[in-house]
Amino acid sequence: MITPDIIKAADILRAGGLVAIPTETVYGLAADALNEAAVRRIFAAKGRPMTHPLIVHLSDANQLTAWARDIPDAAWRLAKAFWPGPLTMILKKQPHVPAIVTGGQATVGLRVPAHPVARAVLTAFGSGVAAPSANRFTHISPTSAEAVREELGDKVDYILDGGDCAVGVESTIVDLSGGVPVILRPGMITSDAIHEVLHEPVMTQKKESETRAPGMHTLHYAPETKTLVLSAQEIPVYLQSLSASAFPLALLTHSGLHVNKDLKVIVAPMPDHAGDYAHEIYRMLRALDHQELKSIIVEAVPESIEWEAIRDRLTKASQR
Ligand code: TXA
Ligand code: MG
């Protein structure tokens, strides 16, 4: 729906400004993807290395041909199945897509987000919008307008408040620019779900190069507070082994673990359903990060496929 807020956001984008927009995954820091000076401001605001490519957001799949070339049938099938939604496709870029957006690569990341506010802005703006997550480099992604304010403050010209992000973790990224589809970043659209649509083998890139996917950078998605992932069996033993100076600390548990009441442990109950857990995780880590804790312990989540994106983000969060 076109509201005064949406018109204002589109005007700022046209003028080369930065607008934080809600998407169903996380908030994005948006700029006109064809305006190099505007895109440069994204990198400055985030403190992000210039070689790290940005995702271009489109209002609908019909715009794919304006940004990508040699589009394989697989891309159209995935677009039909998952767009609008939390899936990013890496495709060969059209020549006019600026190098600053793609990190100088021959490919471009494209996504049609599902959040009604993002869609309205994209429709009003009428062209592609480059938008990384609206956090400072290495921080966790914001899932509320409040979190964007905390991350970027006055570095952004306007923040559109679209409430809490429904999905809560970043989109699945699938590279379709080569022969075989390769998942570069797991998300809540699982590799199995992609395989079901494509009926062909889908690979998962285990270790991405820093240039291609800074999501794999060791300091990515990490709270400031030291974060540790331990199994349910390890947690009581670990807590008993700590000296008094290791407290207070927080424990995120999805299975309802109890701890000795004498210990200074903030127990944060988490959902035991992957979708609900994803929705909560960044908000919870961000909130705990404000509490001057000595550490955050996260109970390891299940090994099944629907938890793959969460396992990935928890691994990254625990590598500071
Ligand atoms: O859910 C999301 O994807 C959010 C919302 C705002 O859409 N965006 C997001 O953007 O997470 P960002 O910049 O934080 O992460 C984008 C990832 C990076 O790891 C980047 O390296 C990768 O996408 N990427 C973008 N273009 C690429 C390309 N041409 N080749 C390989 N990786 C690419
Ligand atoms: Mg990011």
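As a basis for the values below, the full set of heavy atoms in this structure was taken, side chains included, without hydrogen atoms, waters or symmetry mates. Every number for a ligand or one of its atoms is a count from 1 in the order of the listing.
- Residue Tyr27 places no N or O, backbone or side chain, under 3.5 Å from any N or O of ligand 1.
- Residue contacts to the Mg ion (ligand 2): Asn135 brings no N, O or S atom closer than 2.8 Å.
- Between atom 9 (C) of ligand 1 and the options Ser141, Pro22, Ser133, Pro86, the minimum heavy-atom separation is to Ser133.
- Listed by atom number, the atoms of ligand 1 under 4.0 Å from Thr107 heavy atoms are 28 (C), 29 (N), 30 (N).
- With ligand atoms numbered from 1 in the order given, ligand 1 contributes 1 (O), 2 (C), 3 (O) to contacts under 4.0 Å with heavy atoms of Ser171.
- Residue Lys93 places every heavy atom at 4.0 Å or more from ligand 1.
- Annotation: cation-pi pair Lys294/Phe247 absent, no NZ/CZ under 6.0 Å from the ring centroid and within 45° of its normal.
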Apply the test side chain to side chain donor-acceptor pair (under 3.5 Å) to residues Ser171 and Arg185: give CA-CA distance (whole Å), side-chain angles for both, the deciding distance (0.1 Å), then the verdict.
CA-CA 8 Å; Ser171 61; Arg185 179 176 70 186; 3.2 Å; yes
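- Of the inter-residue distances, the one linking Lys46 atom NZ with His139 atom NE2 reads 10.0 Å to the nearest 0.5 angstrom.
- The distance from ligand 1 to the heavy atoms of Ile173 drops below 4.0 Å at these ligand atoms: 17 (C), 22 (C), 23 (O).
- Taking 4.0 Å as the cut-off, Arg111 counts as a neighbour of ligand 1 on heavy-atom distance.
- Per-residue contacts place Thr25 under 4.0 angstrom from the following atoms of ligand 1 (heavy atoms of the residue considered): 1 (O), 2 (C), 4 (C), 5 (C).
- Within the structure, the closest approach of Leu54 to ligand 1 falls below 4.0 Å when heavy atoms are considered.
- Using modelled atom types, one finds no donor on one side chain facing an acceptor on the other under 3.5 Å when comparing His254 with Glu280.
- Side-chain N/O atoms of Glu299 and Ser231 include no donor and acceptor closer than 3.5 Å.
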